[in-house]
Amino acid sequence: MKVFKFYEKLLKGELLDLPTPTNLNFWFGLGVSLGVVYIMQVVSGVVLSFYYSVGLSGGFWPVVGIMQDVWGGWFVRFTHSSGASIFMLLIYLHLLRGFLYGSFKKTGVWISGVLVMLVVMGVSFLGYVLPWGSMSYWGMTVVISMLGAIPLVGEIIMEALWGGPTAGVHSLSRFFSLHYMSSLVVMVVVVVHLIELHRKGSSNPLGVTSDLDKVVFMGLFVIKDVLGLLYLLLLYWVVVLVCPYSLMDAANFEEVSFVVTPTHIKPEWYFLFAYCILRAVPSKLGGVALMFLSVLIMLIFGFSRGVSPYRAIGGWLYKGLMVSWVSVFLLLTWLGGSSAETPYDTLGQVFTVAYFLALMGMFTVLIVDVESSRW
């Protein structure tokens with residue numbers, strides 16, 4: 001009985017009776033929505049793994065069998081594939097909220113959150129290969145071959161992922177195992193993120209100390225989160241039941257051909273900004289380095305804590321740079337889905353530079369404002 005009382009106390013203290021600032025808005029409910037989407041991804045992924053298999057010709061026809069022969073298989077498959085897009089969309093919005101309200105002041109929460117995004121992007125990439133469509137195969141081949149440019153370990157990483165010097169059906173079983181196992185790694189990183197959040201306490205839109213102005217989580221914020229989940233349910237309804245194919249590339253409805261490549265190779269929409277940065281650099285090594293740096297650079301904001309960065313966040317210069325960064329991110333996403341030809345390749349290089357300049361500008365504004373506050 002003591003064990004049950006311990007877990008009851010833990011549940012009440014960390015969820016129901018959690019002290020929460022009274023001025024949190026709906027932006028702060030994205031974390032709960034992300035948790036629900038993650039659970040749906042795990043459940044739907046487990047169900048799909050019951051029927052998915054890697055045959056001699058790959059995984060294309062097993063996916064077709066799930067869609068056509070398994071009762072409700074189409075619904076589970078669309079829930080999982082579209083859920084990946086919803087997951088990444090909510091992560092990007094969650095990250096934007098962090099930049100908007102200065103959540104990076106809590107170093108542990110921010111760093112663990114960026115790591116969650118990085119791991120989820122890896123899991124999504126591994127899962128993108130499993131349907132074994134033409135676009136997913138060639139997209140995987142292009143990206144993994146780029147990793148071979150990493151000095152000393154590049155060739156080892158490439159052959160370890162492919163299971164040989166070239167990609168083939170034998171590579172698919174590795175991607176399936178890695179996708180399945182790395183999705184559980186997400187759970188570990190998420191738990192660390194939640195522990196850091198509850199240890200430090202949630203921030204708030206004003207950025208002021210709210211130790212004397214908190215209420216229990218159960219009640220007001222449960223209602224807010226439920227309302228947010230209703231919007232999430234509406235989003236699922238649209239992408240699963242109304243337009244499920246809108247997020248899929250037409251080339252993925254063709255079985256893999258090892259001799260015929262698609263006219264234009266591109267990944268899923270949530271990777272397009274990184275893909276545009278990857279191909280914007282003529283050097284393979286430089287492209288891979290900038291691709292990873294486009295996400296890892298956000299870690300430096302976790303070290304910008306000082307007297308009070310919120311004065312800088314509320315200023316017109318920081319807000320202008322943040323709007324510029326979001327605009328550049330959207331433009332890179334559009335350019336990543338465009339052909340690698342003039343003028344798209346030139347624009348990709350220009351906006352790649354603008355992407356990093358905007359982030360470094362935001363960081364510089366924070367540092368300069370903190371230093372001036374100390375004086």
Side-chain angles (χ1 to χ4, degrees), residues 7 10-11 14-15 29-54 59 62-94 112-113 115-133 136 172-173 175-195 197 222 225-248 252 268-270:
Y7 285 107
L10 182 66
L11 178 64
E14 295 296 326
L15 182 61
L30 289 172
V32 174
S33 298
L34 281 167
V36 172
V37 175
Y38 175 69
I39 292 173
M40 295 183 69
Q41 288 297 98
V42 171
V43 173
S44 59
V46 170
V47 174
L48 288 174
S49 68
F50 293 159
Y51 300 97
Y52 180 82
S53 61
V54 179
V63 172
V64 174
I66 291 173
M67 294 288 291
Q68 297 182 354
D69 301 331
V70 178
W71 184 87
W74 64 271
F75 180 77
V76 179
R77 194 268 172 113
F78 284 148
T79 300
H80 194 72
S81 60
S82 300
S85 292
I86 294 175
F87 203 7
M88 291 306 303
L89 174 63
L90 293 181
I91 285 180
Y92 290 155
L93 292 176
H94 197 52
S112 60
L115 293 179
V116 168
M117 183 178 71
L118 190 63
V119 176
V120 169
M121 292 177 76
V123 174
S124 301
F125 174 75
L126 294 170
Y128 179 62
V129 184
L130 300 184
W132 209 234
S136 62
L172 190 57
S173 58
F175 279 91
F176 178 52
S177 299
L178 289 173
H179 176 68
Y180 201 90
M181 296 303 298
S182 56
S183 62
L184 301 179
V185 176
V186 175
M187 184 181 301
V188 177
V189 187
V190 167
V191 169
V192 173
H193 183 62
L194 292 177
I195 291 175
L197 175 64
V222 171
D225 288 340
V226 169
L227 182 58
L229 293 178
L230 291 178
Y231 286 111
L232 176 64
L233 181 63
L234 177 62
L235 182 59
Y236 261 105
W237 178 78
V238 172
V239 298
V240 174
L241 299 177
V242 178
C243 50
Y245 294 108
S246 62
L247 298 175
M248 298 182 182
N252 267 341
E268 290 280 49
W269 70 267
Y270 41 82

Quick one: pull up [atom1] in [X] and [atom2] in [Y] and give me the separation to the nearest 0.5 Å.
X: Tyr128; Y: Phe175; atom1: OH; atom2: CZ; answer: 12.5 Å
X: Met248; Y: Ser136; atom1: CE; atom2: OG; answer: 11.0 Å
X: Ser82; Y: Leu247; atom1: OG; atom2: CG; answer: 5.5 Å
X: Tyr52; Y: His80; atom1: OH; atom2: NE2; answer: 11.0 Å
X: Thr79; Y: Leu241; atom1: OG1; atom2: CG; answer: 7.5 Å
X: Leu34; Y: Met88; atom1: CG; atom2: CE; answer: 10.0 Å

Side-chain atoms of residues 67-77: list all donor-acceptor pairs with protein atoms under 3.5 Å, sequence neighbours left out, distances to 0.1 Å.
none

So [Y] and [X], do their side chains get closer than 4.5 Å, heavy atoms only?
X: Leu130; Y: Tyr180; result: no
X: Val120; Y: Ser124; result: yes
X: Val129; Y: Phe176; result: no

query = So Phe87 and Tyr38, would you call those rings parallel, tilted or perpendicular, with 30° and 60° as cut-offs?
reply = tilted
message = Please check this pair: side chain of Tyr51 against backbone of Gly65, looking for a donor-acceptor N/O pair closer than 3.5 Å.
response = no
Whether Ser44 side chain and Gln41 backbone form a donor-acceptor pair below 3.5 Å = yes
key: Where Ser53 and Pro62 come nearest, the two heavy atoms and their spacing   = O-CG, 3.3 Å
remark   = Heavy-atom nearest pair, Leu126 first then Ser182, reads CD1-OG, 3.6 Å
Per-pair distances, 0.1 Å, donor-acceptor, side chain in residues 227-240, under 3.5 Å, sequence neighbours excluded:
none

key: Residues Leu89, Trp269; criterion side-chain contact (heavy atoms from CB on, under 4.5 Å); working and verdict   = CA-CA 10 Å; Leu89 174 63; Trp269 70 267; 4.0 Å; yes
Output side-chain donor-acceptor pairs under 3.5 Å for residues 185-193, partner residues at least two apart or in another chain, one line each.
residue, atom, partner, partner atom, Å
His193, ND1, Val109, O, 3.1
His193, ND1, Ser112, OG, 2.9
His193, ND1, Gly113, N, 3.4

